[in-house]
Amino acid sequence: MIDINELRAHPDLFRASQKAREADESLVDRILDADAQRRSAITEFENLRAEQNAFGKKVAKAQGEEKQELLAQVKQLAAEVKATQATADAAQQTQQALLAQLPNLVEDGVPSGGEDDFTVLRTEGTPRDFEAEGFEPKDHLEIAELLDGIDMERGAKVSGSRFYFLKRDIARLENALLLAAQDLALDNGFIPMTTPNLVRPEVMSGTGFDVEHDDEIYRVEKDDLYLVGTSEVALAGYHMDEILDLSDGPLRYAGWSSCYRREAGSGGKDTRGIIRVHQFNKLEMFVYCTQDQAPAEHARLLAWEEQMLQACGLSYRVIDTAAGDLGTSAARKFDCEAWVPTQGRYRELTSTSNCTTYQARRLNIRERLPETTGADGKPKKAGTRAVATLNGTLATTRWLVAILETHQQQDGSVVIPEILRPYMRGQDVMVPVN
């Protein structure tokens, strides 16, 4: 989580971060108070232990009544040591519980505020002018139904609202999109991974999710496992409790998984079609690197996301997400939002987050530092430090919304982006099914 030494040395930075997130600034002071109590309790415990050890030596030398008196004092001292240790342990637990509530320290330059306070960094491409072409665009669901490529009604019958079946060319288009993203990742040094969809609670919470209070997470109670909302969770846990060798550069993984989200707080929003659903597929990039490499790696993740969007012929904008909309583990997040013609607005398709050392500290993932030479000229034992983790979405089911609407034709057909055609046996257009 947070390095307590850094928080102790620079509390104002963390107060400012909490203010930017529109979160509780007093949490910083409560952590510092708990830290002071913990350190005081540990000091008292260590002093009593030293006194107890000294008494042990006196008892060994004493005889007769003196020895009996000393043994009585030792007994009393042992009880005090035990009580002080319990106090120190309780103070440690209190501090850890408070630290677990503190979000990551936001980076300099992140906009303050909530969901609507983002900064637009740039806009790429020109949205298609359907009025100039002489026809009104259909929304993604109407297009997909003309292609007999989606069945929301039977999805609801089988699984409930916000579930669906993809069929025919639309099912193939989704697979083509994910395969193209996987190949782009492979070309840039990522190791392709198929990840578990269920994870242990310590992995879910270690990634930064509140398993006790997050209504978005599906829990399999009987097995005490959680369905992931992104393969980021499984990939973050992949190296839990390990020391990594990063001497050859960052470790990059591209995780393909189904993702599950309750969308509990989204009643009435985007219920038409597949914009906001309970299950979808995603190709997620995940990176382990040294702390100093993280900013440059973040820029690379964003560049790869933009490369994929451009290859799919989508108009989009890049936003610097405001602090209050970052999520617990992110220090900075860039979103790419594609233009959706029938909504006349940009909608998020990708995001990439720099989580600095926040997840790695919670999951105990470190790198070994190189050996150094001491003042005496002898090598000093190499230490360890927390790594940095980053993530970014390279393709997901929601992309179909923007692709179908952007590339639709007046006759109801849809032109397939060139990058996806090799994965669809050379097919260049999807046509309505009679």
Side-chain angles (χ1 to χ4, degrees), residues 121-122 124-125 166 169-195 228 230-236 238 248-259 280-289 293-319 333-339 347-355 389-404 406-407 414-428 430:
L121 299 179
R122 60 183 173 277
E124 301 288 344
L166 296 184
D169 285 345
I170 303 298
R172 296 174 61 224
L173 186 69
E174 181 192 37
N175 286 332
L177 179 66
L178 293 167
L179 285 167
Q182 187 179 66
D183 279 355
L184 176 60
L186 192 62
D187 289 343
N188 287 284
F190 284 81
I191 299 169
M193 305 275 279
T194 302
T195 62
V228 298
T230 167
S231 63
E232 169 197 343
V233 178
L235 291 171
Y238 187 65
D248 291 332
L251 290 176
R252 300 188 181 116
Y253 298 104
W256 185 322
S257 75
S258 292
C259 307
F280 55 94
N281 295 311
K282 185 160 67 137
L283 197 290
E284 183 80 1
M285 301 177 287
F286 194 88
V287 176
Y288 296 91
C289 66
Q293 291 171 333
E297 199 68 10
H298 199 196
R300 291 188 189 98
L301 291 176
L302 177 59
W304 288 319
E305 290 179 343
E306 290 192 66
Q307 183 178 343
M308 190 67 189
L309 287 163
Q310 290 168 11
C312 289
L314 299 176
S315 301
Y316 65 93
R317 69 181 182 184
V318 181
I319 68 169
K333 180 163 75 83
F334 300 119
D335 286 352
C336 292
E337 301 179 329
W339 181 257
R347 300 300 305 264
E348 178 195 337
L349 290 195
T350 79
S351 65
T352 176
S353 297
N354 180 4
C355 297
T389 62
L390 303 96
N391 61 80
T393 304
L394 203 51
T396 186
T397 305
R398 185 186 282 192
W399 284 46
L400 299 177
V401 173
I403 290 173
L404 291 174
T406 297
H407 298 301
V414 177
V415 175
I416 298 169
E418 189 171 347
I419 189 177
L420 306 183
R421 294 174 190 174
Y423 306 96
M424 296 191 69
R425 297 184 175 182
Q427 185 177 341
D428 59 3
M430 299 181 291

Could you pull out all donor-acceptor pairs under 3.5 Å where a side-chain atom in residues 249-256 meets a protein atom, sequence neighbours excluded?
| from | atom 1 | to | atom 2 | distance (Å) |
| --- | --- | --- | --- | --- |
| Arg252 | NE | Glu297 | OE2 | 2.4 |
| Arg252 | NH1 | Asn188 | O | 3.4 |
| Arg252 | NH2 | Glu297 | OE1 | 3.2 |
| Arg252 | NH2 | Glu297 | OE2 | 3.0 |
| Tyr253 | OH | His239 | NE2 | 2.8 |

His298 (side chain) donor-acceptor with Leu390 (main chain) under 3.5 angstrom = no

Roughly how far, to the nearest 0.5 Å, is the CZ atom of Phe286 from the OG atom of Ser353?
-> 10.5 Å

When you check the gap from the basic side-chain N to the acidic O, do Glu306 and Arg122 get nearer than 4.0 Å?
-> yes

Residues passing the salt bridge (charged side-chain N to carboxylate O under 4.0 Å, His left out) test with Arg347, sequence neighbours excluded, are Asp270

CA sep, side-chain torsions, deciding dist, call: Phe280, Trp399, ring-ring contact (aromatic ring centres under 6.0 Å, His included) = CA-CA 11 Å; Phe280 55 94; Trp399 284 46; over 10 Å; no

With side chains defined as the heavy atoms from C-beta onward, is the minimum distance between Glu232 and Leu235 less than 4.5 Å?
-> no

Heavy atoms, side chains only, cut-off 4.5 Å: are Val415 and Arg421 in contact?
-> yes

Look at the side chain of Arg398 and the backbone N and O of Glu348, then say whether any donor-acceptor pair between them is shorter than 3.5 Å.
-> yes

Nearest-0.5 Å distance that lies between atom OG in Ser257 and atom CG in Leu283 = 9.0 Å

Of the non-hydrogen atoms in Thr393 and Leu349, which two are nearest, and what is the gap between them?
-> CG2-O, 4.2 Å

Counting only N and O atoms by type, is there a donor-acceptor contact under 3.5 Å from the side chain of His407 to the main-chain atoms of Cys312?
-> yes

For Met424 and Arg172, work out which heavy atoms get closest and say how close.
-> O-NH2, 3.1 Å

Just by modelled atom types, is the Phe334 backbone N or O under 3.5 Å from a matching donor or acceptor in the Ser351 side chain?
-> no

With a 4.5 Å heavy-atom cut-off, do Leu394 and Glu284 have their side chains touching?
-> no

Note, Thr406 side chain near Ser315 side chain (heavy atom, < 4.5 Å) = no

Which atom pair, heavy atoms only, marks the closest approach of Ala395 to Leu178?
-> O-CD2, 3.8 Å

Kindly indicate whether the side chain of Val287, heavy atoms from C-beta on, has any atom under 4.5 Å from the side chain of Thr389.
-> no

Side chains of Lys282 and Thr230: is there a donor and an acceptor less than 3.5 Å apart?
-> yes

For Glu174, which residues count as a salt bridge (charged side-chain N to carboxylate O under 4.0 Å, His left out) partner, sequence neighbours excluded?
-> none

Non-hydrogen side-chain atoms of Ile170 and Leu400 separated by less than 4.5 Å = yes

Is the shortest heavy-atom distance from the side chain of Ile416 to the side chain of Leu173 under 4.5 Å?
-> yes

Determine, stepwise, if the pair Leu177 / Ile403 fulfils side chain to side chain contact (heavy atoms under 4.5 Å, CB included).
-> CA-CA 10 Å; Leu177 179 66; Ile403 290 173; 4.2 Å; yes

Could you tell me whether the side chain of Tyr316 reaches within less than 4.5 Å of the side chain of Glu337, counting heavy atoms only?
-> no

For Tyr288 and Ala236, indicate whether the former's side chain and the latter's backbone hold a donor-acceptor pair under 3.5 Å.
-> yes

Provide the closest heavy-atom pair for Ala338 versus Ala402 in the form atom of the first, atom of the second, distance.
-> CB-CB, 4.1 Å

For Ser258 and Asn281, which heavy atoms make the closest approach, and how far apart are they?
-> OG-OD1, 2.8 Å

